[in-house]
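Heads up: the structure comes next, in structure tokens.
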Amino acid sequence: MPTTSPSPPLHDSLSAREATRIALSAQGLRGPRLTGGPGALVHHLRGIQLDTISVLARSHELVSYARLGAVPKKKIEEAYWGRRSSTFEYWSHAACVLPLDLWPAFGAKRRARATRGFRWHQLQDHQRSCTEVVDRLRDAGPLTARELGGAKRGGTWWDWSEVKIAAEWMLDVGTVVCRQRRGFERVYDLAERAIPDALRENELDDETCGRVLVESAGRAMGVATVADLAAYHGLHTRLVRSVLANTSLRPIRVEGWRDQAYLADGAEAGLRSGLRGRTVLLSPFDSLLWDRARLERLFQLTYRLEAYVPAPKRVVGYFAMPVLSKERLVGLVDPKRVGTSLHARHVVVHDARAVHEIADALRDAATWVGCDDVVVERVTPRVSSDALRAALRG
């Protein structure tokens with residue numbers, strides 16, 4: 001008879017290292033590469049954050065690269081958006097591309113935004129502007145804000161036009177949806193046309209929405225505290241506590257964690273010792289890094305994205321990317337493409353024994369973005385500078 005691998009035993013507690021292994025496995029950064037490509041990755045992670053910053057690549061591309069390797073950009077775009085995708089965009093942890101099956105679970109958020117009655121922008125004539133946008137979309141099909149009449153009034157980045165404000169408001173409340181992008185611009189469509197009827201008509205009450213999203217977050221993180229679970233999909237901790245007993249997550253103690261942790265069903269499979277980890281640069285917007293307090297618990301690393309910090313006050317650099325090596329974050333790299341060279345403007349080495357892993361991550365990233373060499377400009381501590389440059393030459 002064929003033999004099967006025994007299921008891992010259920011634990012009452014986890015060591016700090018076991019918790020890290022489970023978290024990495026749940027995030028697709030330990031174990032066999034995920035099958036199904038970028039589309040399946042969105043479903044596995046339960047959301048991928050979007051951001052306009054592009055250094056080596058846009059963040060959603062970096063997330064795919066970290067887990068799937070050198071997937072062509074076109075394949076990522078087709079999986080995340082368009083007719084063949086099974087995703088939509090909404091506010092979760094932040095602006096995220098989300099698996100389409102979560103559309104009903106965000107109903108409570110849509111209702112709450114509708115009850116509030118406004119976003120941070122105010123419409124001069126709310127009813128008229130919204131009606132005009134709906135009529136245009138119904139007549140002309142999916143359109144960008146530019147195609148609707150202009151995204152901005154001509155001032156600062158947030159100086160939005162009336163049609164942009166109206167389109168974003170109706171995205172907030174579910175009248176319109178974004179399931180496509182053109183040149184990284186949102187394409188708005190009517191939810192009644194773009195969301196399958198079975199999902200759109202599945203109205204869940206607020207408690208059920210919360211339970212589904214907590215289950216979703218737990219599955220994506222493997223092991224998490226109440227605060228972790230709340231942060232993953234942008235929920236209130238009070239809501240998380242109220243629904244936890246009705247989820248499949250079970251309480252567990254984790255060494256060194258002050259707060260009670262909860263373990264997802266099946267997450268202990270991530271403890272198998274033979275599972276391989278990645279050595280790769282991570283986007284600052286990677287879901288592994290979303291919650292800085294959790295990051296410090298898992299990896300004993302205090303990390304801050306400095307893109308929004310004035311240049312003279314930056315410690316590491318504009319877009320410092322953590323370097324994951326198997327089960328540890330061993331350094332930070334602030335990269336920039338200069339012609340066909342990847343410039344590591346600043347490399348912070350947390351473990352001098354890991355310079356070869358940092359060099360491997362830099363070389364792999366350079367190849368992925370079409371650069372033929374790596375130039376290291378500055379290393380902290382300086383004593384690691386020669387070793388890192390030698391590792392890059394080797």
Side-chain angles (χ1 to χ4, degrees), residues 11 13-31 45 62-63 66-67 93 217-218 220-232 252-264 267-268 270-273 275-307 309 314-317 319-334 344 346-362 379-384 387-388:
H11 290 63
S13 63
L14 297 170
S15 68
R17 184 179 184 184
E18 287 173 330
T20 301
R21 284 182 166 182
I22 285 174
L24 287 168
S25 298
Q27 282 283 298
L29 290 164
R30 186 170 184 266
L45 296 180
L62 292 167
V63 169
R67 292 155 176 82
H93 164 79
M221 287 187 285
V223 60
T225 66
V226 165
D228 298 339
L229 292 165
Y232 204 84
I252 195 164
R253 297 185 304 277
V254 178
E255 174 193 11
W257 290 23
R258 181 189 64 188
D259 296 331
Q260 174 70 63
Y262 296 86
L263 189 69
E268 285 161 303
L271 295 178
R272 293 193 178 103
S273 59
L275 297 181
R276 293 178 57 192
R278 312 283 185 270
T279 296
V280 69
L281 299 180
L282 297 176
S283 165
F285 303 109
D286 193 293
S287 48
L288 181 71
L289 316 179
W290 278 350
D291 189 286
R292 304 307 193 221
R294 174 178 171 82
L295 182 69
E296 190 162 349
R297 255 183 284 125
L298 288 171
F299 299 102
Q300 294 73 57
L301 174 69
T302 300
Y303 171 69
R304 181 187 186 190
L305 173 64
E306 298 179 302
V309 175
R314 290 175 191 149
V315 177
V316 179
F319 198 72
M321 300 178 68
V323 183
L324 175 67
S325 177
K326 306 297 188 291
E327 299 172 17
R328 301 178 301 143
L329 294 179
V330 296
L332 296 167
V333 173
D334 182 36
H346 189 188
V347 178
V348 177
V349 179
H350 293 316
D351 184 347
R353 298 167 298 179
V355 291
H356 286 278
E357 287 86 346
I358 295 173
D360 288 343
L362 281 166
V379 179
T380 299
R382 290 184 181 179
V383 70
S384 295
L388 178 59

Side chain of R30, backbone of G270: donor and acceptor closer than 3.5 Å? yes
Look up atom CZ in R253 and atom CD in Q260, then write down how far apart they are to the nearest 0.5 Å. 8.5 Å
How are the rings of W290 and Y232 set to each other: parallel, tilted or perpendicular (split at 30° and 60°)? tilted
Backbone N/O of A16 and side chain of E255: donor-acceptor pair under 3.5 Å: yes
Hey, is CZ on R292 packed in by over 12 heavy atoms from elsewhere, all under 6.0 Å? yes
Looking only at heavy atoms, which two atoms of A23 and R294 are closest? And how far apart? CB-NH2, 3.6 Å
When you compare the side chains of S283 and D286, does any donor N or O come within less than 3.5 Å of an acceptor on the partner? no
Do T20 side-chain atoms and L298 backbone N/O form a donor-acceptor pair below 3.5 Å? yes
Nearest heavy-atom contact between L329 and H350 is O-CD2, 4.1 Å
Minimum side-chain heavy-atom gap I22-L271 below 4.5 Å: yes
Stepwise side chain to side chain contact (heavy atoms under 4.5 Å, CB included) test for L305 and L289: CA-CA 10 Å; L305 173 64; L289 316 179; over 6 Å; no
Using only atom types and a distance under 3.5 Å, with no angle test, would you say the side chain of Y303 pairs donor to acceptor with the backbone of A320? yes
Just wondering, do V226 and Y262 contact through their side chains at under 4.5 Å, heavy atoms? yes
Measuring only between side-chain heavy atoms, which start at C-beta, is L275 closer than 4.5 Å to R21? no
Are the side chain of Q27 and the backbone of A220 linked by a donor-acceptor contact shorter than 3.5 Å? yes
For the student: nearest non-hydrogen atoms of A352 and S384, plus distance: CB-OG, 4.2 Å
Of the non-hydrogen atoms in A19 and V254, which two are nearest, and what is the gap between them? CB-CG1, 3.7 Å
Can you find a heavy atom in the side chain of R304 that is under 4.5 Å from one in the side chain of V309? yes
Any side-chain to backbone donor/acceptor pair from D360 onto E357? Under 3.5 Å, distance only. no
Quick check: closest heavy atoms across S287 and R67, and the distance to 0.1 Å? OG-NH2, 4.0 Å
So do L263 and E268 actually touch side chain to side chain, heavy atoms under 4.5 Å? yes
To the nearest 0.5 Å, tell me how far L332 CG sits from I358 CD1. 8.5 Å
Check whether any side-chain N or O of T225 sits under 3.5 Å from a backbone N or O of D228 as a donor-acceptor pair, and report yes or no. yes
Check whether any side-chain N or O of R278 sits under 3.5 Å from a backbone N or O of G31 as a donor-acceptor pair, and report yes or no. yes
For salt bridge (Lys or Arg N to Asp or Glu O under 4.0 Å), just list the numbers for D334 and R314, CA-CA rounded to whole Å, side-chain angles, deciding distance to a tenth of an Å, and then say yes or no. CA-CA 11 Å; D334 182 36; R314 290 175 191 149; over 6 Å; no
Any donor-acceptor pair under 3.5 Å linking the side chain of E327 with the backbone of G277? no
L288 and L24, any side-chain heavy atoms less than 4.5 Å apart: yes
Gap separating the CG atom of L29 from the NZ atom of K326, nearest 0.5 angstrom: 12.5 Å
V349 side chain near V355 side chain, heavy-atom distance below 4.5 Å: yes
Pairwise distance CD(E306) to NE2(H346) - rounded to 0.5 angstrom: 9.5 Å
If you look at every heavy atom in V280 and A66, which pair is closest and at what distance? CG2-CA, 3.9 Å
